[in-house]
Amino acid sequence: MFCRLPRVASTHGRALANRISLRAAASRSLPGAAPAVSATSNFADVELPGMNPPPSTKLDEEVYSFLTPSFRKTTVADLSDKWDSLGFQIRPLNGYVRYTHSNGSWDVGQFVPAPYILLHINSGALHYGVSCFEGLKAFACKDGMVRMMNPALNAARMQKGAVKLRMPQVPTEMFVQGVKEAVLRNVEFVPPYGNRASMYIRPLLFASGPMLGLAPLAEEYTFFVTVLPAGTYFSKAGDAAPQVETGIDAMVMEEHDRAAPCGTGAVKAAGNYAADLEPVHQAKEQGYGTTLYLDAKEHRYVEEFSVCNFVGITRDGRYVTPKSDAILASTTNRMLQQLAVDEGLIVEQRPIDFDKEIEDFVEVGMVGTAAVVVRVKSITRGSRIYNFDSFSTLSGLREKFTAIQCGEHPDVHNWMVDVCPMPASK
């Protein structure tokens, strides 16, 4: 299908006729592309915001219409020799899924064939950080199906974030539907089975309507879902040996805190990640791969790494991860804890006193959706360096976890959700 896009602003009621056509992703005919069939019968496949013909105007009105910047979409052919070395980067695909909440309810959703959104300059997200997001993955499985992992768990976490930031909650059914639709509309970009990659899915909820001050709240909110084919978070395009295997050196961040007690640390608020920008880049400039934060009150108890949960295996084989109201509960960590219990390990979620306990750990890992489980080979605090030479237990749990994701191990906990078959050419 085609969308009509105004090219030039119309002024003083005089509409200029310059138009171009944008071919929607649903009509594209790419090598190996799947038929553009919606996962839901009522899902709109239509126009971009701000790209309809200008409204009727009065003689003294000025009306402006906006065109997205030009961009080139990725093709399957672009990635044919890169499935094992994708790195973690943005690539424009067929488009994204968008829902809008206004007048007290969500609309039926749209598929938008461009990586842009028209946004009010006073939106609550831009000015006050009213925004939270999620991360999950879809996989090409051994039996030829595309499946995503435990989307209901991510929906529940986003709902918690919505409550904290005073946004309308995204119902679980709508969340799962939107994620499934985004994967389906971009299914030819799901990395083929057998590669070290997956489709990374990024749902985002934010205040798109204007706000001036913290009250009243915005009257419009947007939920959208973007996807991209990706390797692990700690890998770069072309990496032969990603850091997930070789290990990362971390430093304890003393000069900065990630989240305050009783703040937003326990939800996936966008602003939480902004707080780590300066510290993590400082760490990288000093030769470290990431930061480790201790609690903001005492700088005594382990909280989390830059973008990942802390997990350690003690000398007596216990799986230990911190407990704090300022920590974001990783969905991957929750599932790994279940696998650890299945393997007969004792799982402890409790405060970890860094100075007293760090030498009790023989393995340390960074756990998160994008990273899965990344080995931490050392942690530096001040002049002391703590080394962790083993990774066997966490590596074994990671292998079982990833085997479930791609259909090589029984999914006894029913975490995987069918999306559609892989396109035949893949």
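Residue numbers run from 1 in the order of the sequence given.
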Test log, rule salt bridge (Lys or Arg N to Asp or Glu O under 4.0 Å), inputs Asp316 and Arg318:
CA-CA 6 Å; Asp316 58 358; Arg318 289 171 289 130; 2.9 Å; yes
- His101 and Asp107: side chain donor to acceptor below 3.5 Å: no
For Leu153 and Trp415, what are the C-alpha separation, side-chain angles and deciding distance, and is it a side chain to side chain contact (heavy atoms under 4.5 Å, CB included)? CA-CA 9 Å; Leu153 199 58; Trp415 291 331; over 6 Å; no
One should read off an interatomic distance between Phe310 CZ and Phe305 CZ, to the nearest 0.5 angstrom, of 5.5 Å
For Thr291, the side chain to side chain donor-acceptor pair (under 3.5 Å) test, sequence neighbours excluded, returns Asp276
Does some side-chain heavy atom of Lys137 sit less than 4.5 Å from a side-chain heavy atom of Val227?
no
Can you give the donor-acceptor pairs under 3.5 Å from side chains of residues 399-406 to other protein atoms, not counting sequence neighbours?
{"unit_1": "Lys400", "atom_1": "NZ", "unit_2": "Glu343", "atom_2": "OE2", "d": "2.9"}
{"unit_1": "Thr402", "atom_1": "OG1", "unit_2": "Arg398", "atom_2": "O", "d": "3.0"}
{"unit_1": "Thr402", "atom_1": "OG1", "unit_2": "Glu399", "atom_2": "O", "d": "3.2"}

| query | Going through the distances and angles, do Glu181 and Val183 end up as a side chain to side chain contact (heavy atoms under 4.5 Å, CB included)? | reply | CA-CA 5 Å; Glu181 190 77 26; Val183 174; over 6 Å; no
Check your understanding: Within a radius of less than 6.0 Å around CD of Glu357, do more than 12 heavy atoms belonging to other residues, nucleotides or ligands occur?
Key -> yes
*Assess the side chains of Ser324 and Asp295: does a donor N or O sit below 3.5 Å from an acceptor N or O?*
no
Closest non-hydrogen atoms of Glu359 and Arg315, given as atom of the first, atom of the second and distance, are O-NH2, 2.8 Å
(Q) Parallel, tilted or perpendicular, judged at 30° and 60°: which one describes the rings of Phe133 and Tyr273? (A) tilted
Quick one: does Arg147's side chain have a donor or acceptor within less than 3.5 Å of a partner on Gly407's backbone? no
Could you tell me if the ring centre of Phe206 sits under 6.0 Å from that of Phe223?
no
- Task: Check the pair Asn387 / Ser378 against side-chain hydrogen bond (donor to acceptor under 3.5 Å, both in side chains), numbers first and verdict last.
- Result: CA-CA 4 Å; Asn387 294 299; Ser378 77; 4.5 Å; no
Point to revise | Distance-only side-chain donor-acceptor flag, Tyr319 / Gln349, under 3.5 Å | key: no
task = Look at the side chain of Glu188 and the backbone N and O of Pro423, then say whether any donor-acceptor pair between them is shorter than 3.5 Å.
result = no
Q.
Less than 4.0 angstrom from a charged side-chain N to a carboxylate O is my criterion; do Asp78 and Lys73 meet it?
A. no
ask   = Going through the distances and angles, do Met366 and Asn309 end up as a side chain to side chain contact (heavy atoms under 4.5 Å, CB included)?
value = CA-CA 6 Å; Met366 304 169 57; Asn309 278 187; over 6 Å; no
Checklist entry - Do you see a donor-acceptor pair shorter than 3.5 Å between the side chains of Thr393 and Glu363? => result yes
Check your understanding: Are the aromatic rings of Phe354 and Tyr386 close, with centres under 6.0 Å apart?
Key -> yes
- Query: Does the pair Lys142/Glu408 count as a salt bridge with the N-to-O cut at 4.0 Å?
  - Reply: no
